[in-house]
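Note sheet for the following structure.
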Amino acid sequence: MKSAQIVLSSIIGVLSVVAPSAATQYSNVSNIDSTEAASAKPVPTTVTWIASEQAEDGTKTLDHFVVVVEDDASAEIAAITVTDTTARSITLTKSNVPDMKVYSTYTVRVDEYYTDEESSEGFDDTFYTRPPKLKKVRVTDKALEDDGDMTVTVKWRQPVNLRDSYLYYDYKVVYPNDESRLVADDYNWGSDINSATIADLPTRSLKVKVRARDDQYGTGQWSAWKKFNAPATE
């Protein structure tokens, strides 16, 4: 597992002057308040922060912020200038952080720059981008069971950056014209997983979708639906 443009939206975790989980009131330096996925896609992340107490109470006059993003090797990959001193969030995307990748670990902090040409480095925190969307889903090895049901194997292309990582691979099977009629809903788990065998399915046309899920990095997007027929109808 693995270990610049002006924008008005953000990304990262939580750090507090006293306790990392309570950055909601004040801080002696700029402090990350929250990080949330900004869309269904794995990379965009919205980070919100609180300004330092000295900036909020007017002891220092803000000129601008700089949102700094580092990779898991502590190498800086972006420094985004935010000139709107009322802004308290930024969305990190491939547009303003071109080197951001799926299923990766990053740190972010917000530095303050003042009109007296002094500056203050903020607290940083860690965030994670989610697993990628699984592609090239296909259904193979369809077989009729003795009781008339069928067993199929669902396969997908294994993303390179998920190899050697232990993840959950969720799958969902429904009727083609009524996605509310759930037929199977389960998961496979392990390292280098690129398939799941699903038994006890009705012998008729169905469709399936899959996704990758990680306890720490989060849940990836569902794949596109893949429709398949029972062996006797092909």
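Along the sequence shown, residues are numbered consecutively beginning with 1.
Between P176 and R204 the shortest side-chain heavy-atom distance falls below 4.5 Å. The shortest distance between side-chain heavy atoms of T126 and T105 falls below 4.5 Å. Considering only heavy atoms from C-beta on, V43 stays 4.5 Å or farther from T93 through its side chain. Between S27 and F123 there is a side-chain heavy-atom pair separated by less than 4.5 Å. Contact annotation: the side chain of V102 approaches that of N161 to within less than 4.5 Å [non-hydrogen atoms, C-beta and beyond]. Within the 4.5 Å cutoff, the side chain of P132 has heavy atoms near those of the L162 side chain. Put simply, the side chain of V174 does not reach to within 4.5 Å of the side chain of R181, judged on heavy atoms. Taking the side chain as every heavy atom from C-beta outward, N31 and D125 never approach each other to under 4.5 Å.
A distance of 11.0 Å separates OG in S95 from CG in L92, rounded to the nearest 0.5 Å. Interatomic distance, CG of D170 versus OG1 of T219, reported as 7.0 Å (0.5 Å rounding). Taking CE from M150 and CD1 from I198, the interatomic distance works out to 9.5 Å, rounded to the nearest 0.5 Å. In this structure, CG on D124 lies 8.0 Å from CD1 on I32, to the nearest 0.5 angstrom. With values rounded to the nearest 0.5 angstrom, W225 atom CH2 is found 6.0 Å from K207 atom NZ. To the nearest 0.5 angstrom, K209 atom NZ is 11.0 Å from Q221 atom CD.
The main-chain N or O of K41 is found under 3.5 Å from a side-chain atom of R130 such that the two form a donor-acceptor pair. A donor-acceptor pair under 3.5 Å is formed between the side chain of T203 and the backbone N or O of G148. In terms of modelled atom types and a separation under 3.5 Å, the side chain of D178 and the main chain of Y175 share no donor-acceptor contact.
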| Yes or no on side-chain contact (heavy atoms from CB on, under 4.5 Å) for V97 and I80, after CA distance, side-chain angles and deciding distance? | CA-CA 8 Å; V97 191; I80 308 165; 4.0 Å; yes

| message | The test is side chain to side chain donor-acceptor pair (under 3.5 Å); show your working for T115 and D63 and say whether it passes. | response | CA-CA 5 Å; T115 54; D63 181 74; over 6 Å; no

| task | Test R211 against S223 for side-chain contact (heavy atoms from CB on, under 4.5 Å), laying out the working first. | result | CA-CA 6 Å; R211 69 182 180 186; S223 70; over 6 Å; no

| said: Please evaluate residues D116 and K60 with respect to the criterion side-chain contact (heavy atoms from CB on, under 4.5 Å), reporting the C-alpha separation (whole Å), side-chain torsions for both, the decisive distance (0.1 Å), and the verdict. | reply: CA-CA 8 Å; D116 61 5; K60 288 284 190 179; 2.6 Å; yes

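By the side chain to side chain contact (heavy atoms under 4.5 Å, CB included) test, S74 pairs with E70, sequence neighbours left out. Scanning for ring-ring contact (aromatic ring centres under 6.0 Å, His included) contacts around Y114 gives an empty result, with sequence neighbours left out. For the side chain to side chain contact (heavy atoms under 4.5 Å, CB included) test, residues two or more places apart in sequence or in another chain that qualify with A55 are A51, S52, L62, E112. Remark: T140 pairs with R138, T153, K155 by the side chain to side chain contact (heavy atoms under 4.5 Å, CB included) rule, at least two apart or across chains. For the side chain to side chain contact (heavy atoms under 4.5 Å, CB included) test, residues two or more places apart in sequence or in another chain that qualify with I193 are W156, Y169, N188.
No continuous path of hydrophobic side-chain contacts links V139 to L182 [ILVMFWY only; heavy atoms under 4.5 Å]. Cluster membership for V67 and F127, using ILVMFWY side-chain heavy atoms within less than 4.5 angstrom, is shared. W222 and L134 fall into different hydrophobic clusters, where Ile, Leu, Val, Met, Phe, Trp and Tyr are joined by side-chain heavy atoms under 4.5 Å apart, directly or via other members.
Ionic pairing of R163 and D192 is not present here: no N-O contact between side-chain nitrogen and carboxylate oxygen is shorter than 4.0 angstrom. Taking a cutoff of 4.0 Å between a charged side-chain nitrogen and a carboxylate oxygen, R88 and E56 qualify as a salt bridge. Looking at K101 and D99, no side-chain N of the basic residue comes within less than 4.0 Å of a carboxylate O on the acidic one, giving no salt bridge.
Counting all heavy atoms, side chain and backbone alike, L167 lies closest to W189 at O-CD1, 3.2 Å. Listed here is the closest heavy atom pair of N28 and Q54: O-NE2, 4.3 Å. Contact detail for V68 and E76: the closest heavy-atom pair is CG1-OE1, 3.7 Å. The two residues N194 and Q158 have their closest heavy-atom pair at CB-CB, 4.0 Å. For the residue pair D71 and A73, the shortest heavy atom distance occurs at OD1-N, 2.9 Å. Smallest separation of non-hydrogen atoms from V173 and F228: CG1-CZ, 4.4 Å.
Between Y168 and Y187, the ring planes are perpendicular. Angles over 60° get that label, and only those under 30° would be called parallel.
With no hydrogens or angles considered, no side-chain donor-acceptor pair links S191 and D164 at under 3.5 Å. Of the N and O atoms on the side chains of Y103 and D214, at least one donor lies less than 3.5 Å from an acceptor on the other residue.
More than 12 heavy atoms of other shown residues, nucleotides or ligands fall within 6.0 angstrom of atom NZ in K94. Counting heavy-atom neighbours within 6.0 Å of E117 CD, excluding the residue itself, gives a total of 12 or less. Atom CG of N177 is surrounded by 12 or fewer heavy atoms from other residues, nucleotides or ligands within 6.0 Å.
Test D149, T151, L206 against L201 for side-chain contact (heavy atoms from CB on, under 4.5 Å) and you get one pass: L206.
For residues 54-74, the set of pairs meeting the ring-ring contact (aromatic ring centres under 6.0 Å, His included) definition, not counting sequence neighbours, comprises W49-F65, H64-Y113.
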